[in-house]
Amino acid sequence: MRSNKDGITQAVLAVGVVIKESIYGYHVNRKVPFLKITMALPRLIAPAKRLLETGVVNVPSYGSRAYQPYESNIDFEIRFMVDTGIVGCSWIELPPKKYQVRSKDNAPSPISRCQIEVDVAWDSFISYPPEGEWAKVAPFRILSFDIECAGRKGIFPEPEKDPVIQIANMVIRQGEKDPFIRNVFTLNSCAPIVGSQVLSYMKENQMLEKWADFVREVDPDIITGYNIQNFDITYLINRAKTLNVKPFPFLGRVINRASVIKNSMIQSKQMGRRENKFINTEGRIQFDLLLVLLRDYKLRSYTLNAVSFHFLQEQKEDVQHSIITDLQNGNEQTRRRLAVYCLKDAMLPLRLLDKLMCIINYMEMARVTGVPLSYLLSRGQQIKVVSQLLRKAKEHDLVIPVHNPEQGDDFTGATVIEPVKGYYKDPIATLDFSSLYPSIMIAHNLCYTTLLPNQTRNQMNPDEFIKTPSDNYFVKKSVRKGILPEILENLLSARKRAKEDLKKETDPLRKKVLDGRQLALKISANSVYGFTGAQVGKLPCLEISQSVTAFGRMMIEKTKTLVEEKYNIANGYAQNAKVIYGDTDSVMVNFGIPFPPSGDHVEALKQVMELGKVAAEYVSGHFTSPIKLEFEKVYFPYLLINKKRYAGLYYTKPETHDKMDCKGIETVRRDNCPLVANLINMCLQKILIERDPSGAVEYAKQIISDLLCSRVDISQLVITKELTKTDDEYSAKQAHVELAHRMKKRDPGSAPNLGDRVPYVIIAASKGTAAYLKSEDPIFVLENNIPIDTQYYLENQISKPLLRIFEPILGEDKAKSCLLKGDHTRTKTVVMSKVGALAAFTKKRATCIGCKALLDNEKNPICKHCKPREPEFYQNEMVQLNALEEKFARLWTQCQRCQGSLHEDVLCTSRDCPIFYMRKKVQKDLADQEKVISRFGIPSW
DNA sequence: GTCTTATCCTAA
DNA sequence: TTAGTTAGGATAAGAC
């Protein structure tokens with residue numbers, strides 16, 4: 001044995017025989033004996049498994065053969081919770097006399113920071129399912145905090161060198177509205193702040209020590225903040241180590257367990273790849289809001305500022321590292337300024353958690369799937385299915401084999417019906433299969449336990465099993481009901497129940513809980529199919545997943561045929577119905593009810609909705625229960641651009657539309673600039689809602705003209721793309737990758753990392769330069785006044801998306817001639833960049849302020865010919881200067897208002913705020929204009 | 001020029 | 001030690 005720090009004298013505690021059955025495949029002669037091996041510690045399981053697998057162990061009376069391991073790869077927490085029937089975030093009761101309170105009399109010293117310490121046997125407590133009274137949520141204490149560091153100029157703070165100068169904290173009880181503690185720890189003095197406690201320390205190590213004391217005193221159940229896991233907590237622990245603050249890292253509830261930082265790489269198809277730190281804080285859950293948002297929301301930017309604006313319609317100051325240092329080195333007022341900012345950053349995560357109902361939704365997910373809360377942020381989708389599968393398997397004496405993952409061939413997925421592209425002025429009905437994949441699995445009893453191997457099939461009666469469209473075989477429900485269908489039925493019926501309860505419930509908090517629950521149930525049901533198809537997973541079964549998709553393909557085809565064969569003139573209907581599009585579980589039907597000339601949309605919509613409902617019912621009748629086709633909505637009008645790309649007005653009632661629905665087009669994609677997204681959105685609104693295509697064309701022309709004359713704000717031109725691989729893994733050159741690489745050279749600390757989204761703009765360069773050479777950091781562009789390649793934005797960003805939405809309406813030729821030709825496409829001359837890689841090719845020469853002619857004598861403001869009109873030109877420039885000054889003052893005040901004080905300088909440099917870009921641009925223009933004016937000052941001819 | 005490939009992001 | 005699925009459009013780079 002290599003090490004034995006736990007002092008284990010006996011690794012194997014017990015070996016027994018249990019009668020079980022493998023979950024995988026249908027076996028006629030059900031249960032067989034299994035060896036159940038009990039190990040002393042979780043970490044001894046893997047080596048024991050390896051020994052048995054390789055067949056080197058001689059088990060008395062069973063011999064030394066190679067054993068197939070089962071359930072040796074189950075996480076310890078999951079194992080314990082499954083065995084004791086605990087689900088995440090639920091209540092347990094320690095019955096009287098079953099536990100013993102630890103006190104001075106019977107225990108040498110406490111091992112935890114808990115108020116009460118007891119000993120209880122693992123199987124002598126009661127676990128309550130979270131129903132009724134036990135669905136209540138405990139009043140958790142939640143600590144939200146934010147730190148500020150004093151970095152050096154242009155370098156991202158490093159804990160080995162740069163001090164922590166402030167730590168702001170907010171503590172709230174779950175369910176309450178306001179924090180009951182608001183404070184800020186500051187290094188050096190800080191002027192008082194109304195409503196917050198200010199705790200100032202002259203020494204950094206003292207501040208850190210006191211903060212750790214504070215955390216232990218507050219004793220939070222949940223620790224939150226923004227990017228705390230990968231930044232704040234990590235920084236504090238490393239900083240405390242640098243300063244040798246010994247008691248600092250004991251932040252959890254186990255007294256002698258120090259918090260340690262571990263690096264881990266989390267990668268999934270859903271979330272991409274990202275480097276994460278893991279810090280143990282026993283008894284306290286780290287619930288980093290950034291990680292929640294990355295999982296649950298697709299956003300263009302994930303800075304706290306962008307997120308606050310998106311969800312709370314509120315900006316926050318974004319202060320650069322170098323400025324933070326200046327504020328710290330100022331006086332107690334400038335430090336107060338910083339503290340106010342820091343407090344806000346501690347408060348915002350709490351407000352966002354509340355607004356997005358993260359805690360409740362995550363708790364419900366933990367309850368529904370049975371996993372601990374912390375797993376939901378640190379692990380993937382699979383563990384949730386495994387947890388449910390294990391619980392169900394236990395009921396039926398089934399065991400799950402250990403599967404060695406290997407990549408195999410892909411299987412065929414869903415059908416996308418070839419779209420009949422075009423602009424539909426007639427109402428289009430949409431019919432959907434609700435919960436298609438779960439329904440298929442239930443209807444056809446698809447499960448691990450019902451999968452019929454070929455040999456077994458030969459012994460079976462043909463009416464005892466089915467053959468799926470992908471030629472796989474499963475036994476019927478009458479022979480044996482699968483446990484996946486059972487799990488799914490439970491999830492779907494629980495969801496129905498939650499939705500019904502939600503309707504009846506009046507208490508707002510319970511309403512939130514129920515809504516979170518129905519959402520969790522829906523997501524869980526839908527992820528079971530994905531689990532069976534995950535080849536690099538715990539228990540893939542392609543027979544199930546490919547049967548599911550094959551049934552789905554068959555069903556969508558059949559639906560199309562059924563609708564078109566019934567709803568036609570031959571059968572006495574007014575028109576021939578046509579399925580114009582469909583994807584996976586839906587069909588879009590044009591029943592041919594025309595756009596009424598009278599303008600009475602309501603009547604036409606009523607007719608289509610009625611037809612849709614009847615047709616859905618008719619089609620449902622052709623499929624096995626619980627498969628059901630439902631009428632969902634009508635699109636009117638409907639613009640079908642391509643597969644997975646369309647837009648339309650969404651009606652669920654005949655009177656008014658619910659929303660404008662856009663799928664797959666630029667308005668919902670994050671990899672184009674806001675200019676394009678907003679332009680397309682506006683045009684679609686004008687076309688679909690106002691039904692004014694010519695108005696849309698005019699609008700588009702105006703925007704194009706604005707762009708070419710540089711009247712468009714730079715924030716509108718920022719494109720963002722995710723860095724999905726490391727530098728050397730990329731084989732093709734790309735704009736955002738190249739830029740990230742260049743930024744790493746400028747300042748490695750603040751450059752984008754793996755998994756981050758990289759914002760960039762395309763700058764002007766000589767003709768034919770590849771786009772990946774023209775990408776640049778928007779802030780850098782702004783600070784150095786680098787010209788934008790407006791032609792690129794017209795040709796490579798705007799034009800194609802615009803043509804795609806206008807062509808079906810105007811026709812190909814007309815769309816092109818209207819939009820991309822004419823006066824509005826005239827460009828203002830683009831100047832070459834004065835900095836960066838291309839600066840070498842430009843030579844700066846002064847021009848005449850009057851006529852822009854090159855000057856012989858560069859010291860003069862104007863040329864000889866313009867000389868007589870010098871006062872006039874001077875006047876003009878002064879007018880412009882005044883205009884710019886006024887504009888700058890206006891933007892400045894706006895920013896002051898945002899930061900909440902009209903008496904202080906604006907420090908914000910938020911890359912997500914359009915005002916910031918404008919303010920910065922005007923500031924630059926102002927400086928340039930002042931330079932121009934100054935040229936008048938020294939006439940010398 | 002055209003065609004293929006890599007990449008991103010979305011639909012369901 | 002960990003990772004839900006396939007279909008598919010759009011774009012830019014790079015081969016030819």
Side-chain angles (χ1 to χ4, degrees), chain A residues 43 46 73 75 262-274 276 278 298 300 375 378-386 405 407 409-419 421 430 432-437 523-542 544-546 548-550 552-553 556 581-586 641-646 661-672 676 719-725 729-738 757-758 762 770-775 792 795-797 799-801 804:
Chain A
R43 64 177 170 80
N73 55 348
D75 301 272
K262 277 189 202 141
N263 286 312
S264 74
M265 179 80 92
I266 179 151
Q267 72 172 325
S268 75
K269 289 240 170 83
Q270 176 196 274
M271 306 240 320
R273 219 164 24 144
R274 179 166 275 285
N276 263 334
F278 172 82
K298 291 194 173 295
R300 280 173 182 266
Y375 273 44
S378 64
R379 304 283 293 270
Q381 299 290 329
Q382 294 209 39
I383 191 65
K384 297 192 268 187
V385 182
V386 169
Q407 193 59 256
D409 290 334
D410 287 351
F411 60 91
T412 314
T415 298
V416 184
I417 294 175
E418 194 57 45
K421 300 173 204 173
T430 307
D432 288 36
F433 287 104
S434 51
S435 307
L436 178 68
Y437 287 177
I523 297 171
S524 302
N526 284 334
S527 56
V528 172
Y529 149 76
F531 176 81
T532 65
Q535 301 203 38
V536 194
K538 276 262 155 64
L539 195 65
C541 180
L542 293 203
I544 296 175
S545 35
Q546 69 189 6
V548 169
T549 57
R553 289 195 297 276
I556 196 170
Y581 180 57
D583 186 345
T584 311
D585 60 354
S586 66
I641 293 165
N642 215 332
K643 282 183 175 177
K644 299 190 190 283
R645 279 169 191 252
Y646 59 81
D661 202 18
C662 296
K663 289 289 158 72
I665 50 185
E666 285 69 21
T667 51
V668 296
R669 291 183 66 90
R670 298 175 293 173
D671 54 353
N672 52 45
V676 174
I719 303 165
T720 68
K721 284 203 171 101
E722 191 185 309
L723 214 52
T724 59
K725 304 178 192 185
E729 284 171 334
Y730 278 109
S731 65
K733 289 184 167 157
Q734 288 183 96
H736 68 293
V737 182
E738 294 290 309
R757 295 187 68 80
V758 186
I762 297 294
Y772 65 84
L773 293 170
K774 301 201 287 183
S775 57
Y792 171 88
E795 286 167 12
N796 299 57
Q797 291 281 126
S799 82
K800 281 184 178 168
R804 276 197 293 270

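It should be emphasised that the depicted structure is a prediction, and the values quoted were computed from it without experimental measurement. In what follows, every chain begins at residue 1, and chains take the letters A, B, ... in the order their sequences are listed.
- Contact annotation: A:R273 side-chain N/O to C:dA3 OP1/OP2 distance is not under 4.0 Å.
- Along DNA chain C, the nucleotide nearest to A:A414 and the one nearest to A:I266 differ in position, and the one closer to the 5' end is contacted by A:I266.
- Nucleic acid contact for A:R553: none, since no nucleic acid atom lies under 4.0 Å from a heavy atom of the residue.
- Residue contacts for A:Y581: at a heavy-atom cut-off of 4.0 Å it reaches no nucleic acid atom on any strand shown.
- A close approach under 4.0 Å does occur between a side-chain nitrogen or oxygen of A:N796 and OP1 or OP2 of C:dA12.
- A:D75 comes within 4.0 angstrom of the backbone, heavy atoms only, and of no base.
- A:L436 contributes atom CG, which lies 8.0 Å from atom OG1 of A:T584 (distance to the nearest 0.5 angstrom).
- For the atom pair A:H736 NE2 and A:L723 CG, the distance stands at 5.5 Å (nearest 0.5 Å).
- Among the protein residues, A:R274 comes within range of no part of the nucleic acid, since none of its heavy atoms lies under 4.0 Å from any strand.
- Nucleic acid contact for A:V536: base, since at least one base atom lies under 4.0 Å from a heavy atom of the residue.
- Taking atom CG on A:D410 and atom P on C:dG4, their separation rounds to 16 Å, with Å as the unit.
- Looking at heavy-atom distances under 4.0 Å, A:Y730 makes contact with sugar-phosphate atoms alone, never a base.
- Relative to the six-membered ring of A:Y730, A:K725 meets both conditions, a distance below 6.0 Å and an angle of at most 45° to the axis.
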After noting the C-alpha distance and the side-chain angles of A:Q797 and A:I762, does the key distance pass the side chain to side chain contact (heavy atoms under 4.5 Å, CB included) rule?
CA-CA 11 Å; A:Q797 291 281 126; A:I762 297 294; over 6 Å; no
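- Judged as a side-chain hydrogen bond (donor to acceptor under 3.5 Å, both in side chains), and not counting sequence neighbours, the contacts of A:Q546 are A:N472.
- With values rounded to the nearest 0.5 angstrom, A:I665 atom CD1 is found 9.5 Å from A:R804 atom CZ.
- A:N276 is linked by a side-chain hydrogen bond (donor to acceptor under 3.5 Å, both in side chains) to A:N230, counting only residues two or more places apart in sequence or in another chain.
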N/O contacts under 3.5 Å, protein versus nucleotides 13-16 of chain C?
unit_1: C:dA13; atom_1: OP1; unit_2: A:A771; atom_2: N; d: 3.2
unit_1: C:dA13; atom_1: OP1; unit_2: A:Y772; atom_2: N; d: 3.1

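- Within the 4.0 angstrom heavy-atom criterion, only backbone atoms of the sugar-phosphate kind lie near A:K663; the bases stay farther away.
- Among the duplex regions that DNA chain C forms, those built from at least three successive Watson-Crick or G-U pairs under 3.5 Å are B:1-12 with C:5-16, ordered by first number.
- The side-chain hydrogen bond (donor to acceptor under 3.5 Å, both in side chains) search around A:S775 returns A:R742, not counting sequence neighbours.
- A pairwise comparison of heavy atoms in A:Q535 and A:D409 identifies NE2-O, 2.7 Å as the closest pair.
- Where A:K800 and A:M265 each meet DNA chain C at their nearest nucleotide, the meeting point lying more 5' is that of A:M265.
- Look at A:R645 and you won't find any side-chain N or O under 4.0 angstrom from OP1 or OP2 of C:dA7.
- When every heavy atom of A:S527 is checked against every heavy atom of A:S524, the shortest pair comes out as OG-O, 3.0 Å.
- Separation of the C1' atoms belonging to C:dG4 and B:dA12 is 14 Å when rounded to the nearest angstrom.
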Determine, step by step, whether A:R757 and A:T720 satisfy the side chain to side chain donor-acceptor pair (under 3.5 Å) criterion, reporting the C-alpha distance in whole Å, the side-chain angles of both residues, the deciding distance to 0.1 Å, and the verdict.
CA-CA 6 Å; A:R757 295 187 68 80; A:T720 68; 3.1 Å; yes
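- Protein chain A contacts DNA chain B from B:dA6 to B:dA12, reading 5' to 3' and using non-hydrogen atoms of the protein with a distance under 4.0 Å.
- In this structure, A:T412 reaches the sugar-phosphate backbone alone: every heavy-atom distance under 4.0 Å involves primed, P, OP1 or OP2 atoms, never a base.
- Residue A:H736 contributes atom NE2, which lies 16 Å from atom P of C:dT11 at whole-angstrom precision.
- Within 4.0 Å (heavy atoms only), A:R669 reaches at least one base atom of the nucleic acid.
- Residue contacts shown for A:T532 are absent, as no nucleic acid heavy atom lies under 4.0 Å away.
- A:N73 places its CG atom 11 Å from the P atom of C:dA3, with the value rounded to the nearest Å.
- At a threshold of 4.0 angstrom between heavy atoms, the contacts of A:V528 with the nucleic acid are absent.
- Among the protein residues, A:G533 comes within range of the sugar-phosphate backbone only, with heavy atoms under 4.0 Å from sugar or phosphate atoms but none that close to a base.
- The side chain of A:Y646 contributes no N or O atom lying less than 4.0 Å from OP1 or OP2 of C:dG8.
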